[in-house]
Enquirer: 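Here it is, the structure in full.
Just so we're on the same page: letters track the sequence lines, and every chain starts at 1. All values below come from the heavy atoms of this structure, side chains included, with hydrogens, waters and symmetry mates left out.
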Amino acid sequence: MTTPPPTSDLVIAVPRGALMRETLDRLDAIGIDTAEVRSNDRKLLFADIGVVTMRPSDVPTYVEAGAADVGITGKDVLKEQPEREVYELLDLGYGRCEMVLATVDGPDPSVEALRRLGVMRVGTKYYKTAIAYFEETGRQAEIVEVKGSVELAPLTGLVDAIVDLTATGTTLRENHLVIRESIYVSTARLIANPVSYKLKAAAIDAMLEKLRAP
Amino acid sequence: MRPQIHPSPSGTRDVLPDEMRELRDITEAVRSIFEHDGYGEVWTPALEYEAVLARGGGAPPAYRVFDDHGEVLALRTDMTVPIARLVATRFATAEPPLRFCYFAHAYRGVRPHRGQMREFLQAGIELVGAAAPQGTAEVLTVLHHALDAVGLRDFRIGLGDASLYPMLLRSHDVPEGAVELLMDTLVRRDFVALEAELGRLGLADDAAELLLRVPQIRGGPEVLKDAGGSVADAVAGLTGLYELLSPEVAERVIFDLGLVRKMGYYTGAVFDVYDPALGAPLGGGGHYDDLLGRFGRPLPAVGFALTIDRLHIALTGEEKGAEA
(Lines give C-alpha, C1' and ligand atoms only; values in the text may rest on other atoms or scores of the structure.)
Protein backbone atom coordinates (compact mmCIF):
# COMPACT_ATOMS: atom_id res chain seq x y z
CA MET A 1 0.00 0.00 0.00
CA THR A 2 1.12 3.56 -0.66
CA THR A 3 1.59 6.06 2.13
CA PRO A 4 -1.58 7.89 3.10
CA PRO A 5 -1.98 11.26 1.42
CA PRO A 6 -1.86 14.42 3.55
CA THR A 7 -5.15 15.98 4.60
CA SER A 8 -4.72 18.70 1.98
CA ASP A 9 -5.42 16.09 -0.70
CA LEU A 10 -9.04 16.18 0.37
CA VAL A 11 -11.45 18.49 -1.39
CA ILE A 12 -13.46 20.22 1.34
CA ALA A 13 -16.82 21.86 0.64
CA VAL A 14 -17.13 24.96 2.83
CA PRO A 15 -20.51 26.67 3.33
CA ARG A 16 -20.83 30.38 2.64
CA GLY A 17 -23.10 32.43 4.85
CA ALA A 18 -23.68 32.07 8.59
CA LEU A 19 -21.50 28.98 9.02
CA MET A 20 -18.55 30.24 7.02
CA ARG A 21 -16.51 32.18 9.57
CA GLU A 22 -16.51 29.47 12.23
CA THR A 23 -15.87 26.81 9.61
CA LEU A 24 -12.76 28.68 8.43
CA ASP A 25 -11.66 29.16 12.06
CA ARG A 26 -11.88 25.40 12.58
CA LEU A 27 -9.97 24.69 9.36
CA ASP A 28 -7.25 27.15 10.43
CA ALA A 29 -7.06 25.37 13.78
CA ILE A 30 -6.35 22.02 12.10
CA GLY A 31 -3.60 23.46 9.92
CA ILE A 32 -5.37 24.50 6.72
CA ASP A 33 -4.46 28.11 5.97
CA THR A 34 -7.69 29.81 4.90
CA ALA A 35 -6.35 33.38 4.68
CA GLU A 36 -6.97 33.51 0.92
CA VAL A 37 -10.57 32.33 1.33
CA ARG A 38 -11.21 35.10 3.85
CA SER A 39 -9.62 37.80 1.72
CA ASN A 40 -11.24 36.88 -1.59
CA ASP A 41 -15.00 36.99 -1.47
CA ARG A 42 -15.69 36.22 -5.14
CA LYS A 43 -13.38 33.30 -5.75
CA LEU A 44 -15.06 29.92 -5.24
CA LEU A 45 -12.30 27.36 -5.80
CA PHE A 46 -9.09 27.36 -3.76
CA ALA A 47 -7.14 24.46 -5.26
CA ASP A 48 -3.98 24.97 -3.13
CA ILE A 49 -5.77 24.14 0.11
CA GLY A 50 -8.48 21.92 -1.43
CA VAL A 51 -11.35 24.24 -0.47
CA VAL A 52 -14.47 24.95 -2.51
CA THR A 53 -17.08 27.39 -1.22
CA MET A 54 -20.81 27.23 -1.92
CA ARG A 55 -24.29 27.71 -0.48
CA PRO A 56 -24.82 25.38 2.51
CA SER A 57 -27.69 23.62 0.72
CA ASP A 58 -25.35 22.72 -2.19
CA VAL A 59 -22.80 21.01 0.07
CA PRO A 60 -24.60 17.60 0.11
CA THR A 61 -24.91 17.71 -3.70
CA TYR A 62 -21.16 18.14 -4.22
CA VAL A 63 -20.24 15.61 -1.53
CA GLU A 64 -22.70 12.97 -2.74
CA ALA A 65 -21.32 13.15 -6.28
CA GLY A 66 -17.73 13.00 -5.03
CA ALA A 67 -16.94 16.48 -6.45
CA ALA A 68 -15.90 17.19 -2.84
CA ASP A 69 -14.62 14.44 -0.51
CA VAL A 70 -15.93 16.03 2.68
CA GLY A 71 -18.08 19.01 3.47
CA ILE A 72 -19.53 21.07 6.27
CA THR A 73 -23.16 22.04 6.40
CA GLY A 74 -26.03 22.45 8.87
CA LYS A 75 -28.13 19.55 10.14
CA ASP A 76 -31.16 21.50 8.85
CA VAL A 77 -29.82 21.11 5.31
CA LEU A 78 -29.25 17.36 5.77
CA LYS A 79 -32.74 16.89 7.18
CA GLU A 80 -34.20 18.66 4.17
CA GLN A 81 -32.25 16.38 1.77
CA PRO A 82 -32.69 12.94 3.38
CA GLU A 83 -32.21 11.10 0.07
CA ARG A 84 -28.57 12.22 -0.29
CA GLU A 85 -26.11 9.35 0.04
CA VAL A 86 -23.56 10.99 2.33
CA TYR A 87 -22.03 9.88 5.62
CA GLU A 88 -22.47 12.10 8.67
CA LEU A 89 -19.20 11.90 10.57
CA LEU A 90 -19.14 14.57 13.26
CA ASP A 91 -21.27 17.10 15.08
CA LEU A 92 -19.09 20.22 15.03
CA GLY A 93 -21.24 21.95 17.63
CA TYR A 94 -21.26 25.49 16.22
CA GLY A 95 -23.92 27.20 14.13
CA ARG A 96 -26.53 26.22 16.72
CA CYS A 97 -30.09 27.09 15.80
CA GLU A 98 -33.53 25.68 16.32
CA MET A 99 -36.27 24.55 13.92
CA VAL A 100 -39.52 25.84 15.42
CA LEU A 101 -43.22 26.11 14.81
CA ALA A 102 -44.26 29.73 15.34
CA THR A 103 -47.46 31.74 15.04
CA VAL A 104 -48.61 35.27 15.74
CA ASP A 105 -48.82 36.31 19.39
CA GLY A 106 -52.05 35.82 21.34
CA PRO A 107 -54.46 32.88 20.88
CA ASP A 108 -52.84 30.21 18.67
CA PRO A 109 -54.49 30.53 15.20
CA SER A 110 -53.21 27.10 14.13
CA VAL A 111 -55.14 25.39 16.94
CA GLU A 112 -58.26 27.29 15.94
CA ALA A 113 -57.75 26.32 12.27
CA LEU A 114 -57.28 22.65 13.16
CA ARG A 115 -60.38 22.61 15.37
CA ARG A 116 -62.74 24.37 12.98
CA LEU A 117 -61.31 23.64 9.51
CA GLY A 118 -59.47 20.37 10.15
CA VAL A 119 -56.31 21.58 8.42
CA MET A 120 -53.72 24.17 9.38
CA ARG A 121 -51.86 26.13 6.73
CA VAL A 122 -48.12 26.32 7.38
CA GLY A 123 -45.57 28.45 5.56
CA THR A 124 -41.96 27.27 5.33
CA LYS A 125 -38.76 27.03 3.34
CA TYR A 126 -38.25 23.56 4.79
CA TYR A 127 -40.90 21.59 2.94
CA LYS A 128 -39.78 18.04 3.77
CA THR A 129 -39.08 18.87 7.40
CA ALA A 130 -42.57 20.35 7.77
CA ILE A 131 -44.31 17.43 6.01
CA ALA A 132 -42.47 14.92 8.21
CA TYR A 133 -43.15 16.86 11.42
CA PHE A 134 -46.91 17.10 10.95
CA GLU A 135 -47.09 13.46 9.91
CA GLU A 136 -45.20 12.44 13.05
CA THR A 137 -47.43 14.55 15.28
CA GLY A 138 -50.62 13.35 13.58
CA ARG A 139 -51.92 16.71 12.38
CA GLN A 140 -53.32 17.62 8.98
CA ALA A 141 -51.41 20.51 7.50
CA GLU A 142 -51.22 22.21 4.15
CA ILE A 143 -47.64 23.21 3.52
CA VAL A 144 -47.16 26.49 1.66
CA GLU A 145 -43.62 26.74 0.32
CA VAL A 146 -42.20 30.27 0.29
CA LYS A 147 -38.75 31.32 -0.87
CA GLY A 148 -38.29 34.67 0.89
CA SER A 149 -39.01 35.96 4.39
CA VAL A 150 -41.32 33.38 5.95
CA GLU A 151 -42.22 35.76 8.80
CA LEU A 152 -44.42 37.73 6.45
CA ALA A 153 -46.72 34.81 5.66
CA PRO A 154 -48.63 34.59 9.01
CA LEU A 155 -48.83 38.40 9.31
CA THR A 156 -50.75 38.68 6.06
CA GLY A 157 -53.07 35.75 6.73
CA LEU A 158 -51.46 33.57 4.06
CA VAL A 159 -50.85 30.88 6.68
CA ASP A 160 -51.75 30.04 10.29
CA ALA A 161 -48.20 29.13 11.33
CA ILE A 162 -44.65 28.86 10.08
CA VAL A 163 -41.90 26.26 10.38
CA ASP A 164 -38.56 28.06 10.35
CA LEU A 165 -35.03 28.10 11.65
CA THR A 166 -34.16 30.60 14.36
CA ALA A 167 -30.85 31.31 16.06
CA THR A 168 -31.71 34.06 18.53
CA GLY A 169 -35.44 34.54 17.97
CA THR A 170 -34.94 38.25 17.24
CA THR A 171 -36.57 38.25 13.80
CA LEU A 172 -39.54 36.31 15.17
CA ARG A 173 -39.99 38.76 18.07
CA GLU A 174 -39.70 41.81 15.83
CA ASN A 175 -42.55 40.44 13.76
CA HIS A 176 -44.65 39.64 16.85
CA LEU A 177 -44.35 35.91 16.33
CA VAL A 178 -43.99 33.44 19.20
CA ILE A 179 -42.47 29.98 19.28
CA ARG A 180 -45.16 27.35 19.92
CA GLU A 181 -43.14 24.15 19.46
CA SER A 182 -39.49 23.18 19.11
CA ILE A 183 -38.91 20.65 16.31
CA TYR A 184 -35.16 19.98 16.54
CA VAL A 185 -31.83 21.65 17.24
CA SER A 186 -29.45 22.02 14.31
CA THR A 187 -25.65 22.38 14.40
CA ALA A 188 -22.88 22.19 11.80
CA ARG A 189 -21.97 18.67 10.67
CA LEU A 190 -19.00 17.16 8.87
CA ILE A 191 -20.18 14.90 6.04
CA ALA A 192 -18.23 12.64 3.68
CA ASN A 193 -18.65 11.00 0.31
CA PRO A 194 -19.13 7.20 0.78
CA VAL A 195 -16.34 6.28 -1.67
CA SER A 196 -13.88 8.90 -0.40
CA TYR A 197 -14.61 7.65 3.13
CA LYS A 198 -13.11 4.26 2.10
CA LEU A 199 -10.47 5.27 -0.46
CA LYS A 200 -9.15 8.27 1.50
CA ALA A 201 -9.71 6.74 4.94
CA ALA A 202 -6.37 7.85 6.39
CA ALA A 203 -6.77 11.49 5.35
CA ILE A 204 -10.37 11.66 6.55
CA ASP A 205 -9.57 9.99 9.87
CA ALA A 206 -6.65 12.38 10.41
CA MET A 207 -8.97 15.32 9.79
CA LEU A 208 -11.62 13.87 12.11
CA GLU A 209 -9.13 13.35 14.90
CA LYS A 210 -7.89 16.93 14.66
CA LEU A 211 -11.43 18.31 14.57
CA ARG A 212 -12.37 16.25 17.63
CA ALA A 213 -9.40 17.47 19.66
CA PRO A 214 -10.56 20.18 22.08
CA MET B 1 -41.03 21.40 -38.50
CA ARG B 2 -40.84 21.12 -34.73
CA PRO B 3 -40.19 17.54 -33.57
CA GLN B 4 -42.82 15.94 -31.40
CA ILE B 5 -41.49 15.05 -27.98
CA HIS B 6 -42.69 11.82 -26.37
CA PRO B 7 -40.93 11.46 -23.01
CA SER B 8 -39.90 8.13 -21.47
CA PRO B 9 -40.79 7.46 -17.80
CA SER B 10 -38.70 9.16 -15.11
CA GLY B 11 -35.54 7.17 -14.38
CA THR B 12 -35.45 5.42 -17.76
CA ARG B 13 -33.49 6.39 -20.84
CA ASP B 14 -32.60 5.40 -24.40
CA VAL B 15 -29.18 4.10 -25.38
CA LEU B 16 -27.95 5.07 -28.85
CA PRO B 17 -25.37 3.18 -30.96
CA ASP B 18 -22.16 5.02 -29.90
CA GLU B 19 -22.86 4.44 -26.22
CA MET B 20 -24.23 0.97 -26.89
CA ARG B 21 -20.95 -0.14 -28.48
CA GLU B 22 -19.07 0.93 -25.36
CA LEU B 23 -21.57 -0.79 -23.07
CA ARG B 24 -21.33 -3.95 -25.20
CA ASP B 25 -17.53 -3.94 -24.83
CA ILE B 26 -18.04 -3.95 -21.06
CA THR B 27 -20.72 -6.65 -20.94
CA GLU B 28 -18.87 -8.89 -23.41
CA ALA B 29 -15.66 -8.63 -21.37
CA VAL B 30 -17.53 -9.50 -18.19
CA ARG B 31 -19.53 -12.29 -19.86
CA SER B 32 -16.41 -14.02 -21.14
CA ILE B 33 -14.98 -14.03 -17.60
CA PHE B 34 -18.18 -15.39 -16.06
CA GLU B 35 -18.45 -18.14 -18.69
CA HIS B 36 -14.75 -19.00 -18.38
CA ASP B 37 -15.07 -19.30 -14.60
CA GLY B 38 -17.98 -21.74 -14.96
CA TYR B 39 -21.00 -19.48 -14.38
CA GLY B 40 -23.82 -20.30 -16.80
CA GLU B 41 -25.99 -17.41 -17.92
CA VAL B 42 -29.70 -17.38 -17.05
CA TRP B 43 -32.70 -15.20 -17.81
CA THR B 44 -35.63 -14.82 -15.50
CA PRO B 45 -38.79 -12.78 -16.07
CA ALA B 46 -38.55 -9.05 -15.32
CA LEU B 47 -42.00 -9.45 -13.73
CA GLU B 48 -42.37 -11.65 -10.65
CA TYR B 49 -45.30 -12.25 -8.32
CA GLU B 50 -45.02 -9.58 -5.65
CA ALA B 51 -45.28 -12.32 -3.01
CA VAL B 52 -42.13 -13.98 -4.38
CA LEU B 53 -40.15 -10.75 -4.09
CA ALA B 54 -41.54 -10.11 -0.60
CA ARG B 55 -40.48 -13.62 0.47
CA GLY B 56 -36.94 -12.81 -0.67
CA GLY B 57 -36.74 -9.64 1.39
CA GLY B 58 -34.73 -7.51 -1.06
CA ALA B 59 -35.36 -3.86 -1.89
CA PRO B 60 -39.11 -3.07 -1.98
CA PRO B 61 -40.52 -3.09 -5.53
CA ALA B 62 -41.36 0.28 -7.05
CA TYR B 63 -43.53 -0.82 -9.99
CA ARG B 64 -46.57 -3.07 -9.60
CA VAL B 65 -49.28 -4.22 -11.99
CA PHE B 66 -52.28 -6.54 -11.84
CA ASP B 67 -52.41 -9.46 -14.26
CA ASP B 68 -55.65 -10.75 -15.86
CA HIS B 69 -56.33 -12.94 -12.80
CA GLY B 70 -56.02 -10.04 -10.38
CA GLU B 71 -52.62 -11.23 -9.11
CA VAL B 72 -50.15 -8.51 -8.11
CA LEU B 73 -46.97 -8.61 -10.19
CA ALA B 74 -43.91 -6.46 -9.60
CA LEU B 75 -40.78 -5.56 -11.54
CA ARG B 76 -37.77 -7.24 -9.87
CA THR B 77 -35.48 -5.01 -7.80
CA ASP B 78 -32.44 -7.28 -8.17
CA MET B 79 -31.55 -10.72 -9.61
CA THR B 80 -30.57 -12.42 -6.35
CA VAL B 81 -34.15 -13.10 -5.27
CA PRO B 82 -35.34 -14.37 -8.72
CA ILE B 83 -32.33 -16.71 -8.87
CA ALA B 84 -33.15 -18.01 -5.38
CA ARG B 85 -36.64 -18.81 -6.69
CA LEU B 86 -35.14 -20.41 -9.80
CA VAL B 87 -32.75 -22.59 -7.81
CA ALA B 88 -35.49 -23.80 -5.44
CA THR B 89 -37.96 -24.63 -8.20
CA ARG B 90 -35.87 -25.60 -11.25
CA PHE B 91 -32.88 -27.12 -9.48
CA ALA B 92 -34.72 -28.60 -6.49
CA THR B 93 -32.65 -31.78 -6.46
CA ALA B 94 -29.51 -30.72 -8.33
CA GLU B 95 -26.26 -31.41 -6.56
CA PRO B 96 -24.63 -28.18 -5.31
CA PRO B 97 -22.59 -26.14 -5.89
CA LEU B 98 -24.51 -24.35 -8.65
CA ARG B 99 -23.06 -21.42 -10.57
CA PHE B 100 -25.16 -18.85 -12.44
CA CYS B 101 -24.51 -15.49 -14.03
CA TYR B 102 -26.88 -12.89 -15.42
CA PHE B 103 -27.05 -9.65 -17.41
CA ALA B 104 -30.42 -8.19 -16.59
CA HIS B 105 -32.29 -5.00 -15.86
CA ALA B 106 -33.61 -4.35 -12.37
CA TYR B 107 -36.01 -1.63 -11.25
CA ARG B 108 -36.05 0.52 -8.12
CA GLY B 109 -37.87 3.63 -6.98
CA VAL B 110 -34.76 5.74 -6.54
CA ARG B 111 -34.16 9.43 -7.20
CA PRO B 112 -32.74 9.22 -10.72
CA HIS B 113 -29.28 10.68 -11.24
CA ARG B 114 -26.12 9.78 -13.13
CA GLY B 115 -25.27 6.11 -12.58
CA GLN B 116 -28.50 5.50 -10.70
CA MET B 117 -31.53 5.16 -12.93
CA ARG B 118 -34.79 3.48 -11.99
CA GLU B 119 -34.20 0.91 -14.71
CA PHE B 120 -30.58 -0.24 -14.61
CA LEU B 121 -28.56 -3.07 -16.13
CA GLN B 122 -26.71 -5.35 -13.74
CA ALA B 123 -24.11 -8.03 -14.39
CA GLY B 124 -23.61 -10.52 -11.62
CA ILE B 125 -23.08 -14.05 -10.41
CA GLU B 126 -24.54 -16.30 -7.74
CA LEU B 127 -22.64 -19.26 -6.30
CA VAL B 128 -25.15 -21.51 -4.57
CA GLY B 129 -24.25 -24.25 -2.12
CA ALA B 130 -20.63 -23.39 -1.44
CA ALA B 131 -19.86 -22.68 2.18
CA ALA B 132 -18.04 -19.59 3.41
CA PRO B 133 -15.23 -18.69 3.30
CA GLN B 134 -14.19 -20.75 0.23
CA GLY B 135 -17.28 -19.70 -1.74
CA THR B 136 -16.75 -16.02 -0.90
CA ALA B 137 -13.10 -16.25 -1.91
CA GLU B 138 -14.09 -17.78 -5.26
CA VAL B 139 -16.64 -15.05 -5.93
CA LEU B 140 -14.19 -12.28 -5.00
CA THR B 141 -11.71 -13.82 -7.45
CA VAL B 142 -14.30 -13.79 -10.26
CA LEU B 143 -15.14 -10.18 -9.31
CA HIS B 144 -11.49 -9.22 -9.60
CA HIS B 145 -11.18 -10.96 -12.99
CA ALA B 146 -14.29 -9.20 -14.28
CA LEU B 147 -13.21 -5.67 -13.20
CA ASP B 148 -9.77 -6.31 -14.61
CA ALA B 149 -11.23 -7.52 -17.94
CA VAL B 150 -13.36 -4.37 -18.17
CA GLY B 151 -10.13 -2.37 -18.07
CA LEU B 152 -10.49 -0.68 -14.68
CA ARG B 153 -7.14 -0.11 -12.99
CA ASP B 154 -7.83 1.73 -9.74
CA PHE B 155 -10.77 -0.21 -8.29
CA ARG B 156 -10.84 -1.35 -4.67
CA ILE B 157 -13.02 -3.90 -2.91
CA GLY B 158 -14.39 -2.85 0.48
CA LEU B 159 -14.84 -5.98 2.60
CA GLY B 160 -16.84 -6.33 5.79
CA ASP B 161 -19.07 -8.76 7.63
CA ALA B 162 -22.81 -8.15 8.01
CA SER B 163 -22.90 -10.23 11.21
CA LEU B 164 -19.98 -8.44 12.87
CA TYR B 165 -21.68 -5.40 14.36
CA PRO B 166 -24.92 -7.11 15.48
CA MET B 167 -22.75 -9.78 17.15
CA LEU B 168 -20.68 -7.11 18.87
CA LEU B 169 -23.82 -5.31 20.08
CA ARG B 170 -25.29 -8.53 21.51
CA SER B 171 -22.03 -9.45 23.20
CA HIS B 172 -22.35 -6.13 25.07
CA ASP B 173 -25.93 -7.00 26.09
CA VAL B 174 -27.52 -4.30 23.97
CA PRO B 175 -31.29 -5.01 23.98
CA GLU B 176 -32.80 -6.40 20.72
CA GLY B 177 -34.97 -3.33 20.10
CA ALA B 178 -31.93 -1.07 20.23
CA VAL B 179 -29.89 -3.39 17.94
CA GLU B 180 -32.31 -2.72 15.09
CA LEU B 181 -32.23 1.03 15.66
CA LEU B 182 -28.42 1.09 15.81
CA MET B 183 -28.13 -1.02 12.65
CA ASP B 184 -30.42 1.43 10.91
CA THR B 185 -28.13 4.36 11.78
CA LEU B 186 -25.10 2.33 10.67
CA VAL B 187 -26.64 1.52 7.26
CA ARG B 188 -26.83 5.29 6.73
CA ARG B 189 -23.40 5.74 8.39
CA ASP B 190 -24.85 8.47 10.52
CA PHE B 191 -22.12 8.37 13.16
CA VAL B 192 -23.54 11.39 14.96
CA ALA B 193 -26.83 9.55 15.51
CA LEU B 194 -24.97 6.33 16.34
CA GLU B 195 -23.01 8.09 19.08
CA ALA B 196 -26.20 9.66 20.46
CA GLU B 197 -28.09 6.33 20.48
CA LEU B 198 -25.17 4.49 22.10
CA GLY B 199 -25.07 7.22 24.74
CA ARG B 200 -28.74 6.59 25.55
CA LEU B 201 -28.10 2.91 26.33
CA GLY B 202 -26.17 3.64 29.52
CA LEU B 203 -23.26 1.33 28.63
CA ALA B 204 -19.90 1.44 30.38
CA ASP B 205 -17.69 4.16 28.86
CA ASP B 206 -15.21 1.74 27.31
CA ALA B 207 -18.01 -0.36 25.76
CA ALA B 208 -19.66 2.70 24.21
CA GLU B 209 -16.28 3.89 22.93
CA LEU B 210 -15.59 0.47 21.36
CA LEU B 211 -19.03 0.25 19.73
CA LEU B 212 -18.54 3.68 18.18
CA ARG B 213 -14.94 3.07 17.10
CA VAL B 214 -15.22 -0.39 15.50
CA PRO B 215 -17.61 0.54 12.63
CA GLN B 216 -15.25 3.38 11.69
CA ILE B 217 -12.28 1.01 11.28
CA ARG B 218 -11.19 0.60 7.67
CA GLY B 219 -7.89 -0.05 5.96
CA GLY B 220 -5.49 -2.85 5.12
CA PRO B 221 -5.15 -6.24 6.90
CA GLU B 222 -3.27 -4.54 9.76
CA VAL B 223 -6.56 -3.11 11.05
CA LEU B 224 -7.80 -6.65 11.79
CA LYS B 225 -4.72 -7.41 13.88
CA ASP B 226 -5.02 -4.11 15.73
CA ALA B 227 -8.70 -4.66 16.50
CA GLY B 228 -8.01 -6.94 19.50
CA GLY B 229 -10.18 -7.91 22.47
CA SER B 230 -13.81 -8.84 21.87
CA VAL B 231 -13.47 -7.63 18.26
CA ALA B 232 -10.82 -10.27 17.50
CA ASP B 233 -13.48 -13.03 17.56
CA ALA B 234 -15.77 -11.02 15.34
CA VAL B 235 -13.10 -10.47 12.69
CA ALA B 236 -11.88 -14.10 12.75
CA GLY B 237 -14.12 -14.87 9.74
CA LEU B 238 -12.65 -11.99 7.73
CA THR B 239 -9.11 -13.03 8.64
CA GLY B 240 -9.85 -16.57 7.46
CA LEU B 241 -11.32 -15.28 4.20
CA TYR B 242 -8.40 -12.95 3.59
CA GLU B 243 -5.93 -15.85 3.88
CA LEU B 244 -7.73 -17.65 1.03
CA LEU B 245 -7.37 -14.74 -1.41
CA SER B 246 -4.64 -14.71 -4.04
CA PRO B 247 -2.20 -11.76 -3.76
CA GLU B 248 -3.68 -9.82 -6.70
CA VAL B 249 -7.16 -9.96 -5.14
CA ALA B 250 -5.89 -9.34 -1.61
CA GLU B 251 -4.07 -6.15 -2.58
CA ARG B 252 -7.38 -4.67 -3.78
CA VAL B 253 -9.13 -5.28 -0.46
CA ILE B 254 -9.92 -2.52 2.01
CA PHE B 255 -11.40 -3.90 5.22
CA ASP B 256 -14.38 -1.92 6.40
CA LEU B 257 -15.74 -3.10 9.74
CA GLY B 258 -18.75 -0.80 9.46
CA LEU B 259 -19.85 -2.12 6.06
CA VAL B 260 -23.53 -2.97 6.08
CA ARG B 261 -25.48 -3.38 2.85
CA LYS B 262 -29.05 -2.24 2.49
CA MET B 263 -30.36 -5.60 1.29
CA GLY B 264 -31.69 -7.47 4.30
CA TYR B 265 -30.65 -10.99 3.26
CA TYR B 266 -26.87 -10.81 3.83
CA THR B 267 -25.64 -12.88 6.80
CA GLY B 268 -21.84 -13.02 6.43
CA ALA B 269 -19.13 -11.38 4.35
CA VAL B 270 -20.33 -8.32 2.42
CA PHE B 271 -18.44 -6.23 -0.09
CA ASP B 272 -18.69 -3.08 -2.19
CA VAL B 273 -16.65 -2.10 -5.23
CA TYR B 274 -15.17 1.41 -5.36
CA ASP B 275 -13.32 3.40 -7.96
CA PRO B 276 -11.84 6.87 -7.35
CA ALA B 277 -13.43 8.02 -10.63
CA LEU B 278 -16.98 7.69 -9.25
CA GLY B 279 -18.53 8.93 -6.00
CA ALA B 280 -20.77 5.87 -5.57
CA PRO B 281 -20.03 2.11 -5.43
CA LEU B 282 -19.84 0.28 -8.77
CA GLY B 283 -21.61 -2.68 -7.22
CA GLY B 284 -21.32 -5.15 -4.42
CA GLY B 285 -22.51 -8.36 -2.92
CA GLY B 286 -22.09 -10.78 -0.11
CA HIS B 287 -22.83 -14.05 1.55
CA TYR B 288 -26.40 -15.06 2.42
CA ASP B 289 -27.34 -18.18 4.38
CA ASP B 290 -31.11 -17.91 4.77
CA LEU B 291 -32.49 -16.62 1.47
CA LEU B 292 -32.68 -19.96 -0.37
CA GLY B 293 -34.23 -21.57 2.70
CA ARG B 294 -37.12 -19.10 2.40
CA PHE B 295 -37.83 -20.74 -0.97
CA GLY B 296 -37.48 -24.28 0.41
CA ARG B 297 -33.92 -25.14 -0.57
CA PRO B 298 -31.76 -24.21 2.43
CA LEU B 299 -28.28 -23.68 0.99
CA PRO B 300 -25.66 -21.05 1.71
CA ALA B 301 -24.89 -18.77 -1.23
CA VAL B 302 -22.76 -15.82 -2.21
CA GLY B 303 -22.94 -13.44 -5.14
CA PHE B 304 -22.43 -9.93 -6.44
CA ALA B 305 -23.93 -7.49 -8.91
CA LEU B 306 -22.18 -4.74 -10.85
CA THR B 307 -24.08 -1.81 -12.33
CA ILE B 308 -23.01 -1.56 -15.98
CA ASP B 309 -23.65 2.20 -16.22
CA ARG B 310 -21.35 2.80 -13.28
CA LEU B 311 -18.59 0.62 -14.72
CA HIS B 312 -18.88 2.71 -17.87
CA ILE B 313 -18.71 6.05 -16.00
CA ALA B 314 -15.73 4.87 -13.94
CA LEU B 315 -13.96 3.62 -17.05
CA THR B 316 -14.40 6.91 -18.91
CA GLY B 317 -13.35 8.74 -15.71
CA GLU B 318 -10.17 6.69 -15.44
CA GLU B 319 -9.40 7.31 -19.13
CA LYS B 320 -9.87 11.05 -18.63
CA GLY B 321 -7.62 10.96 -15.56
CA ALA B 322 -4.91 9.12 -17.54
CA GLU B 323 -4.95 11.76 -20.30
CA ALA B 324 -4.69 14.63 -17.84
Enquirer: Near B/E222 CD, under 6.0 Å, is it more than 12 heavy atoms from other residues, nucleotides or ligands?
Expert: yes
Enquirer: Counting only heavy atoms from other residues, nucleotides and ligands, does the tally under 6.0 Å from CZ of A/R139 exceed 12?
Expert: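 Yes, CZ of A/R139 has more than 12 neighbouring heavy atoms, counting only those of other groups under 6.0 Å.
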Enquirer: Could you check which of B/D190, B/D275, B/L278, B/D256 has the highest count of heavy-atom pairs closer than 4.5 Å to chain A?
Expert: B/D190
Enquirer: Side chain, backbone, both or neither: which part of B/Q216 has an atom under 4.5 Å from a heavy atom of chain A?
Expert: both
Enquirer: If you check every heavy atom in residues 86-102 of chain A against those of chain B, which residues fall under 4.5 Å?
Expert: A/V86, A/Y87, A/E88, A/L89, A/L90, A/D91
Enquirer: Do you know the tightest heavy-atom contact between B/G279 and A/P194?
Expert: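 Looking at all heavy atoms of both residues, the shortest contact is O-CD, 4.2 Å.
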Enquirer: Would you indicate whether the side-chain heavy atoms of B/F191 and A/R189 approach each other to under 4.5 Å?
Expert: no
Enquirer: Counting heavy atoms not belonging to A/R212, are there more than 12 under 6.0 Å from its CZ?
Expert: yes
Enquirer: A/L78 versus chain B, heavy atoms under 4.5 Å apart: side chain, backbone, both or neither?
Expert: neither
Enquirer: Side chains of A/E85 and B/V110, heavy atoms from C-beta outward: is any pair under 4.5 Å?
Expert: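 Result no, sub-4.5 Å side-chain heavy-atom pair not found.
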Enquirer: Verify, without hydrogens or angle tests, whether B/R114 (side chain) and A/A65 (backbone) share a donor-acceptor contact under 3.5 angstrom.
Expert: no
Enquirer: Could you check whether atom CD of B/E119 has more than 12 heavy atoms from other residues, nucleotides or ligands sitting under 6.0 Å from it?
Expert: yes
Enquirer: Hey, could you give me each pair passing ring-ring contact (aromatic ring centres under 6.0 Å, His included) that has a residue in residues 23-73 of chain A? Not counting sequence neighbours.
Expert: none
Enquirer: Please tell me if the side chains of B/I254 and A/L199 come closer than 4.5 Å, counting only heavy atoms from C-beta onward.
Expert: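 Result yes, sub-4.5 Å side-chain heavy-atom pair found.
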Enquirer: List, one per line, each side-chain donor-acceptor pair under 3.5 Å for residues 143-150 of chain A, sequence neighbours excluded.
Expert:
none

Enquirer: So, do B/R111 and A/R84 sit near enough that their side-chain heavy atoms are less than 4.5 Å apart?
Expert: yes
Enquirer: Show every salt bridge (Lys or Arg N to Asp or Glu O under 4.0 Å) that has at least one partner inside residues 164-174 of chain A, sequence neighbours left out.
Expert: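 For residues 164-174 of chain A: none.
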Enquirer: More than 12 non-hydrogen atoms from neighbouring residues, nucleotides or ligands closer than 6.0 Å to OH on A/Y127, yes or no?
Expert: no
